[in-house]
Amino acid sequence: MIQILVFARLRDRLGDSVINLPLNSPARLAEIRAALQQQYPHHADELAAGKALFAVNQTLTHDDTAVATDKDEVALFPPMTGG
Amino acid sequence: MTDPTTPADRILVQQADFDIAAEYQRLCEHNAADGAVVFFVGRVRDLNEGDPVFAMTLEHYPGMTEKALQQIVDDARQRWTLGRISVIHRFGELHPADQIVFVAVSSRHRDNAFEAARFIMDFLKSQAPFWKKERISNEHGSEERWVDAREHDHDALLRWNPKESG
């Protein structure tokens, strides 16, 4: 089981701030993304690479071939708009 | 001379407003080595994309936010010789004319402070986990909408490293 924290617009759209995915640990980020797109087909576009960004253990990760385990803190969110 | 009693980096993520005079004081006290202090203040505007804005709520990712800001400050220190750096970013509900963000850099001479302040702001816009939601009024009445990331903010990073496209 991999747990995903979801923030901002993406959380509003998916309706959950924490999503548990029935994936084996470790999982590649690409697999996590695909599983989410399957679970939320109406939001597949917003979950696409570039539109939804991953952070693993609070570090932004642009490489979808990176892996995450069930011990990692995995987060997904839209492009940031600070400042 | 560096002052061992004052930490060189001050990074705060808070709901409360900040006092620019007090922050300036903090950059200067026991610091006669730096002849330049540059600071930037970001504020809530009353108009965005042609619609009047009544309120703005800033969400962030506690824990990651502080880490991301520290990383940006560390990166700035790698590029330039700098004195003290303060980054204060607010979250929660804000209103037009409220202060959102404060970035201040001291250095011996002005060039490094000017450049580093801009560098930190440019990266903070799109590399620190903050998201803005604004309450606006338009032809449908009043509504809330998430602010989209701007291409311009991403392009601003290219100024610092043409090869970096992430």
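We name chains A, B, ... by the order of the sequence lines, and we start the count at 1 in each one. The basis for the numbers below is simple: all heavy atoms, side chains too, and nothing from hydrogens, waters or symmetry mates.
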Exercise. Do side-chain atoms of B:Lys67 reach the backbone of A:Asn57 as a donor and acceptor pair under 3.5 angstrom?
Worked result: yes

For this session: Please flag which part of A:Ala55 lies under 4.5 Å from any non-hydrogen atom of chain B: side chain, backbone, both or neither.
Result: side chain

For this session: Ignoring hydrogens and angles, tell me if any N or O in the side chain of B:His89 forms a donor-acceptor pair with the backbone of A:Gly83 under 3.5 Å.
Result: yes

Problem set entry | Whether B:Lys125 side chain and A:Thr81 backbone form a donor-acceptor pair below 3.5 Å | no

Exercise. Has B:Arg77 got more than 12 heavy atoms of other residues, nucleotides or ligands less than 6.0 Å from its CZ?
Worked result: yes

Problem set entry | From CA spacing to verdict: side-chain contact (heavy atoms from CB on, under 4.5 Å), A:Arg11, B:Glu59 | CA-CA 12 Å; A:Arg11 177 203 52 233; B:Glu59 177 177 337; 2.7 Å; yes

Exercise. More than 12 foreign heavy atoms under 6.0 Å from OH of B:Tyr24: is that the case here?
Worked result: no

Problem set entry | Hydrophobic cluster identity match, B:Trp80 and B:Ile120, side-chain contacts under 4.5 Å | yes

Problem set entry | Heavy atoms of other groups near B:Phe114 CZ, more than 12 under 6.0 Å | no

Exercise. Closest heavy-atom contact between A:Pro78 and B:Trp131?
Worked result: O-NE1, 2.9 Å

Problem set entry | Atom NE2 of B:His109: over 12 foreign heavy atoms under 6.0 Å | no

Exercise. Chain B heavy atoms under 4.5 Å from A:Leu5: which part of the residue, side chain, backbone, both or neither?
Worked result: side chain

Exercise. If you draw a 6.0 Å radius around CZ in B:Arg79, do more than 12 non-hydrogen atoms from other residues or ligands fall strictly inside?
Worked result: yes

Problem set entry | A:Gln39 atom CD: more than 12 heavy-atom contacts under 6.0 Å | yes

Problem set entry | Part of B:Ala128 within contact of chain A (heavy atom distance under 4.5 Å) | backbone

Problem set entry | Joint hydrophobic cluster, B:Ile72 plus B:Phe130, side-chain heavy atoms closer than 4.5 Å | yes

For this session: Can you see which heavy atom on B:Met64 is nearest to which on A:Gln58, and at what distance?
Result: CG-O, 3.2 Å

For this session: Hey, can you tell me if A:Phe77 and B:Tyr61 have their rings parallel, tilted or perpendicular (30° and 60° cut-offs)?
Result: perpendicular

For this session: Return the minimal non-hydrogen interatomic distance between B:Val147 and A:Arg9, and the atom names on each side.
Result: O-NH2, 3.8 Å

Problem set entry | B:Lys133 vs A:Asp12, side-chain contact (heavy atoms from CB on, under 4.5 Å): CA-CA, chis, key distance, verdict | CA-CA 11 Å; B:Lys133 185 156 87 172; A:Asp12 285 1; 3.7 Å; yes

